[in-house]
Protein chains: 2
Amino acid sequence: MTAAAHRPATLEDVARSAGVSRSTASRVIAGTGFASPAARERVAAAADRLGYVPNPAARALVRGGGVRLVVAVAGPGASVLDDPYVHRVVGAAARVCAPAGIGVALHWLPLGERSSLDRLAGDGSVCGVVLVNTTEELLEAVPRSLRGRVASIGIGSATVPSFDVDNDAGASEVLRHLYATGRRRIAMVSGPRWLPCSQRPVVAYRRLMRQAGMPERVLPGDFTAASGRAAAGEALRRWPDLDAIYAISDETAFGVIAALRDGGVRVPGDVAVAGFDDIPLAGMTAPALTTASHPVGRIAAAAATAVLDRRPAAPVTLFPSALVARDSA
Amino acid sequence: MTAAAHRPATLEDVARSAGVSRSTASRVIAGTGFASPAARERVAAAADRLGYVPNPAARALVRGGGVRLVVAVAGPGASVLDDPYVHRVVGAAARVCAPAGIGVALHWLPLGERSSLDRLAGDGSVCGVVLVNTTEELLEAVPRSLRGRVASIGIGSATVPSFDVDNDAGASEVLRHLYATGRRRIAMVSGPRWLPCSQRPVVAYRRLMRQAGMPERVLPGDFTAASGRAAAGEALRRWPDLDAIYAISDETAFGVIAALRDGGVRVPGDVAVAGFDDIPLAGMTAPALTTASHPVGRIAAAAATAVLDRRPAAPVTLFPSALVARDSA
DNA sequence: CTGAAAGCGCTAACAA
DNA sequence: TTGTTAGCGCTTTCAG
């Protein structure tokens with residue numbers, strides 16, 4: 001453990017200090033190729049003595065590997081980068097990448113703009129891309145050269161493996177819970193129309209409603225609490241007989257509950273409310289939110305790992321969604 | 001706009017295509033040094049045609065600049081990396097770094113372990129470090145070679161500039177609000193004892209209580225809702241005459257409110273509760289949380305920018321905390 | 001098993 | 001104003 005010199009120690013320094021050539025030192029450090037036990041030990045000792053840390057940038061340069069993993073978030077505006085969900089993804093990815101000496105960058109992908117993806121593909125420092133909130137259009141625009149080092153959290157395509165929560169099963173479970181507890185006039189607040197993966201729960205909802213002979217009532221939202229507020233007001237106006245609202249995100253559900261409360265509607269007495277995601281605070285509010293928990297961190301870690309390892313991933317990897325029945329429904 | 005070739009275009013490709021030397025191309029692309037308008041234009045055209053993107057890794061290698069900014073979070077366990085606050089910091093940093101071709105890595109810094117910092121300093125690919133939740137001990141262990149490219153979100157030192165919210169003013173404002181609305185027996189739920197910057201509000205609290213001749217009642221917490229629950233129970237037991245609880249984080253405040261509710265104590269009727277941070281949901285709950293809003297994203301962005309630009313920052317940069325009076329207090 | 005040599009993509013003296 | 005020449009720190013043939 002040496003006081004870090006002003007200039008970081010290089011492999012050359014280690015080699016000299018160990019009395020071997022740079023190649024030998026490289027083989028030992030990288031753990032690749034042959035080296036005598038003696039050489040192995042001397043190099044290890046020298047590296048330790050000098051506080052040597054391999055430079056991933058130099059390594060990437062010669063290997064053509066890249067040094068950053070880009071989390072690319074599609075959306076109508078750059079403000080999508082402020083989303084807590086996105087931050088969770090970036091945090092999980094950064095954690096997975098750190099040991100490999102890989103950094104994470106956060107980019108906004110304007111909807112329907114293919115040049116951004118081309119730029120990423122043409123950047124030799126980019127080792128891979130994790131797409132968030134993708135559209136079919138964007139998926140089609142993924143350049144050939146990105147294949148094998150791109151993954152999507154959300155919908156995928158033939159060339160882009162998808163890592164996502166089992167939206168269909170999750171939504172169905174919540175809906176069945178609502179049904180089992182006697183709710184028959186269930187409205188749904190959906191995600192933004194441009195986001196395909198948020199349509200999955202809507203499809204499940206419609207199917208279930210039809211099967212049960214219950215009315216289909218879908219209102220558009222955008223994951224925010226504000227959109228939940230607005231949707232709840234609208235729902236109350238259009239369907240006074242309403243007895244449940246299923247929101248596609250917890251934030252939205254909280255907005256729904258707030259609007260209901262303002263309108264003098266009791267939750268769950270008059271109207272049950274369920275969310276989706278199970279954010280940390282979901283269990284602390286009054287009423288505590290009934291929702292489905294999603295392993296966002298694990299999903300992001302899996303996507304990042306697939307990209308890092310260039311491991312040919314299954315076309316679709318689904319993560320389980322688990323109903324958390326609390327007070328609101 | 002060329003379909004990204006399998007191998008990203010290099011400066012050499014651009015130079016050849018423009019009919020100039022690599023150096024000239026470099027000067028034009030990097031915007032440094034001289035170049036005739038003619039050359040300038042031809043290089044620009046070639047770069048555009050080839051979809052050329054400079055490779056930050058190669059650039060960093062020759063300039064000795066590094067390619068990753070490390071967000072190093074101190075704490076007793078690696079689980080500190082799961083914190084939403086940390087994710088916000090990483091997200092903001094990643095956003096600031098992306099245009100420069102710099103990635104962000106997330107590291108856990110075990111309390112009192114100096115070798116981690118030495119490793120970071122000895123890694124040539126690290127362009128800088130943003131410390132989160134630092135201690136004096138860790139600050140002292142910052143290697144010389146990191147000076148000028150390290151910043152702290154929290155307390156700082158002579159060599160490490162600090163970027164933080166004005167904890168003192170923020171806490172005072174909340175406390176004064178509590179006082180102004182008639183509260184006289186105010187308990188405080190503090191942050192973890194090992195975290196110096198979380199002691200600041202406690203100091204402010206003690207000073208104010210003393211000045212007003214009010215009792216000092218501090219209970220330890222750790223920012224989590226669970227610790228808020230526990231602290232509230234304890235507070236009720238020890239101080240039955242309590243009329244307000246000030247929690248050092250919104251999560252904790254929500255835990256406090258939940259415990260109070262469970263105990264049949266009305267908020268704010270019997271006991272007022274105030275938080276700290278103003279998380280997005282603070283305004284949606286019942287009662288809506290009175291708290292102080294903190295520009296976490298801006299703070300993180302400022303710290304990251306200071307490190308990136310190697311700009312000699314002021315020893316301490318304080319960001320304003322703004323009281324948001326809602327229903328809970 | 002080891003070392004010499006070439007080169008990843010780029011910048012920065014230096015000479016022309 | 002431009003091109004030539006050295007590297008940045010590392011891996012990787014290819015000879016020894």
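Throughout, protein chains are lettered first and strands after them, A, B, ... in sequence-line order, and every chain is numbered starting at 1. For the numbers below, each heavy atom of this structure counts, side chains included, while hydrogens, waters and symmetry mates do not.
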Just how far, in rounded Å, is [atom2] of [N] from [atom1] of [X]?
X: A:E12; N: D:dG9; atom1: CD; atom2: C1'; answer: 9 Å
X: A:N55; N: D:dC10; atom1: CG; atom2: C1'; answer: 8 Å
X: B:L11; N: C:dA12; atom1: CG; atom2: P; answer: 12 Å
X: B:R59; N: D:dG9; atom1: CZ; atom2: P; answer: 18 Å
X: B:R16; N: C:dC10; atom1: CZ; atom2: C1'; answer: 15 Å
X: A:D13; N: D:dG9; atom1: CG; atom2: P; answer: 8 Å

For B:S26 and C:dC10, is the shortest distance between a side-chain N/O and OP1 or OP2 below 4.0 Å?
no
Would you list the pairs meeting side chain to side chain donor-acceptor pair (under 3.5 Å) in which at least one residue belongs to [range], sequence neighbours left out?
range: residues 89-103 of chain A; value: A:R95-B:D82
range: residues 59-72 of chain B; value: B:R68-B:D123, B:R68-B:S125
range: residues 298-320 of chain A; value: none

Per the salt bridge (Lys or Arg N to Asp or Glu O under 4.0 Å) rule, what does the pair list look like for residues 97-112 of chain A, sequence neighbours excluded?
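For residues 97-112 of chain A: none.
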When the axes are fitted on five pairs at both termini, how much does the helix from C:dC1-D:dG16 to C:dA16-D:dT1 curve, in 10° steps?
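About 40°, once rounded to a multiple of 10°.
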Under 3.5 Å, which donor-acceptor pairs do the side chains of residues 30-39 of chain B form with other protein atoms, sequence neighbours left out?
| unit_1 | atom_1 | unit_2 | atom_2 | d |
| --- | --- | --- | --- | --- |
| B:S36 | OG | B:A39 | N | 3.1 |

Just jot down the salt bridge (charged side-chain N to carboxylate O under 4.0 Å, His left out) partners of B:E113, sequence neighbours excluded, or say none.
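With neighbours one apart ignored, the set is empty.
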Kindly check if the number of other-residue, nucleotide or ligand heavy atoms within 6.0 Å of CZ (B:R119) is above 12?
no
Listed by chain and number, what are the ring pair (Phe, Tyr, Trp, His ring centres under 6.0 Å) partners of A:H87, not counting sequence neighbours?
none
Quick one: what's the B/S/- string for nucleotides 1-8 of chain C, heavy-atom cutoff under 4.0 Å, read 5' to 3'?
SBBBBBBB
